[in-house]
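Right, one structure below, let's go through it.
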Amino acid sequence: MTHRLLAAAALMLVTTSISWANTEGVPNVKTPDPEKVATQMEDTLEDIKAFTVEQKNDAIRTARHALDELDRQITLLQSEIDSRWQDLSQQARLDKQSAMATLKKQRAELESRYQSLQQASADNWEAAKVKFSQGWEALTQSWQALNAPAAQSPDSSEEN
């Protein structure tokens, strides 16, 4: 389990470094790769589910790292949306705003579930993991919805 976590962390560092290298000449802007983030989210969820109560400290560290990385990716995604705002149709803007609000709300709820995970005892460890996992899955779905291509309204070409 520890080797898998280290490998995942190393992969995240390598992909981040490569992504940063690919944005040379673009100051302080990095675009998140939604597919890679979604894969990392799925891997993190599987890791959390696999931890036993005896591995609680490892689970907490893994979850905290994943939440911190997720926060960073949300910030990057918000920046990307902001930079492309003028290119979006009115409906796409509304959709992105709504999806981002949902994502941020679920992220706040997940923080609460993370705190429950931290406080879990041997008696309620499995229940805390299930609640955290459910929150993580909901957040993953919101992430994917937010990163879905913006729908073009049929009359958007007539508006121009």
Side-chain angles (χ1 to χ4, degrees), residues 1-84 95-150:
M1 179 63 65
T2 303
H3 296 297
R4 188 171 179 206
L5 292 174
L6 291 174
L11 176 62
M12 288 174 67
L13 287 173
V14 168
T15 57
T16 300
S17 299
I18 291 170
S19 294
W20 283 343
N22 290 337
T23 60
E24 189 173 0
V26 180
N28 298 324
V29 176
K30 179 184 171 285
T31 303
D33 182 340
E35 290 179 22
K36 286 182 183 177
V37 173
T39 300
Q40 290 169 349
M41 291 174 79
E42 290 172 17
D43 291 346
T44 296
L45 179 60
E46 292 305 313
D47 289 344
I48 296 294
K49 286 180 176 179
F51 283 114
T52 64
V53 70
E54 291 81 17
Q55 298 167 316
K56 179 180 172 182
N57 291 337
D58 292 334
I60 298 302
R61 275 192 299 276
T62 299
R64 179 78 265 154
H65 176 74
L67 289 170
D68 291 346
E69 178 61 20
L70 180 62
D71 289 342
R72 193 176 72 74
Q73 293 296 331
I74 290 171
T75 300
L76 290 171
L77 184 58
Q78 181 67 61
S79 294
E80 179 184 351
I81 291 169
D82 292 347
S83 71
R84 295 183 182 181
D95 292 345
K96 293 290 183 185
Q97 282 179 325
S98 176
M100 182 59 81
T102 299
L103 183 70
K104 288 180 178 181
K105 180 180 175 185
Q106 288 175 330
R107 172 58 186 89
E109 174 62 28
L110 191 58
E111 185 67 30
S112 172
R113 292 177 184 210
Y114 169 76
Q115 291 170 2
S116 295
L117 195 65
Q118 283 181 303
Q119 297 166 0
S121 65
D123 294 336
N124 64 354
W125 173 249
E126 291 301 319
K129 277 194 329 183
V130 167
K131 285 186 178 189
F132 183 84
S133 296
Q134 290 169 342
W136 192 265
E137 288 170 349
L139 193 129
T140 300
Q141 290 173 357
S142 292
W143 174 266
Q144 292 169 339
L146 184 59
N147 284 286

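Between R107 and L67, some side-chain heavy-atom pair lies under the 4.5 Å cut-off. The closest side-chain heavy-atom distance from I74 to M100 is below 4.5 Å.
With rounding to the nearest 0.5 Å, the separation of CE in M41 from CH2 in W136 is 5.0 Å. Rounded to the nearest 0.5 Å, atoms CD1 (I60) and CD (Q115) are 10.5 Å apart. Rounding to the nearest 0.5 Å places OG1 of T102 at 11.5 Å from NZ of K104. Taking CD1 of I81 as the start and CD of Q97 as the end, the distance is 9.5 Å to the nearest 0.5 Å. Once rounded to the nearest 0.5 Å, the distance linking OG of S142 with CG of N147 reads 11.0 Å. The distance from atom CG of L146 to atom CD of Q78, rounded to the nearest 0.5 Å, is 8.5 Å.
Side-chain atoms of S98 do not come within 3.5 Å of backbone N or O of D95 as any donor-acceptor pair. At least one donor-acceptor pair under 3.5 Å links the side chain of K56 to the backbone N or O of A120. Side-chain N or O atoms of W125 include one that pairs as donor or acceptor with a backbone N or O of F51 at under 3.5 Å. Within the 3.5 Å criterion, the main-chain N or O of L103 finds no donor-acceptor partner in the side chain of W143. When atom types are taken as modelled, the side chain of Q55 and the backbone of T52 share a donor-acceptor pair closer than 3.5 angstrom. Under a 3.5 Å cut-off, the side chain of D68 and the backbone N or O of H65 do not form any donor-acceptor pair.
Listed here is the closest heavy atom pair of A122 and V53: CA-CG2, 3.6 Å. Between I48 and A59, the closest heavy-atom pair is CD1-O, 3.5 Å.
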Exercise. What's the verdict on salt bridge (charged side-chain N to carboxylate O under 4.0 Å, His left out) for K49 and E137, showing C-alpha distance, side-chain angles and the deciding distance?
Worked result: CA-CA 12 Å; K49 286 180 176 179; E137 288 170 349; 3.3 Å; yes
For this session: Test T44 against L70 for side-chain contact (heavy atoms from CB on, under 4.5 Å), laying out the working first.
Result: CA-CA 11 Å; T44 296; L70 180 62; over 6 Å; no
Exercise. For T39 and D43, what are the C-alpha separation, side-chain angles and deciding distance, and is it a side-chain contact (heavy atoms from CB on, under 4.5 Å)?
Worked result: CA-CA 6 Å; T39 300; D43 291 346; 4.0 Å; yes
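S79 and D82 are not linked by any side-chain donor-acceptor pair at a separation below 3.5 angstrom, with hydrogens and angles left out of the test. E69 and Q73 share a donor-acceptor pair across their side chains, judged by distance under 3.5 Å alone.
Between E111 and R64 a salt bridge is recorded (basic side-chain N to carboxylate O distance below 4.0 Å).
Between E109 and the choices R113, Q106, K105, the side-chain hydrogen bond (donor to acceptor under 3.5 Å, both in side chains) rule is met once, by R113.
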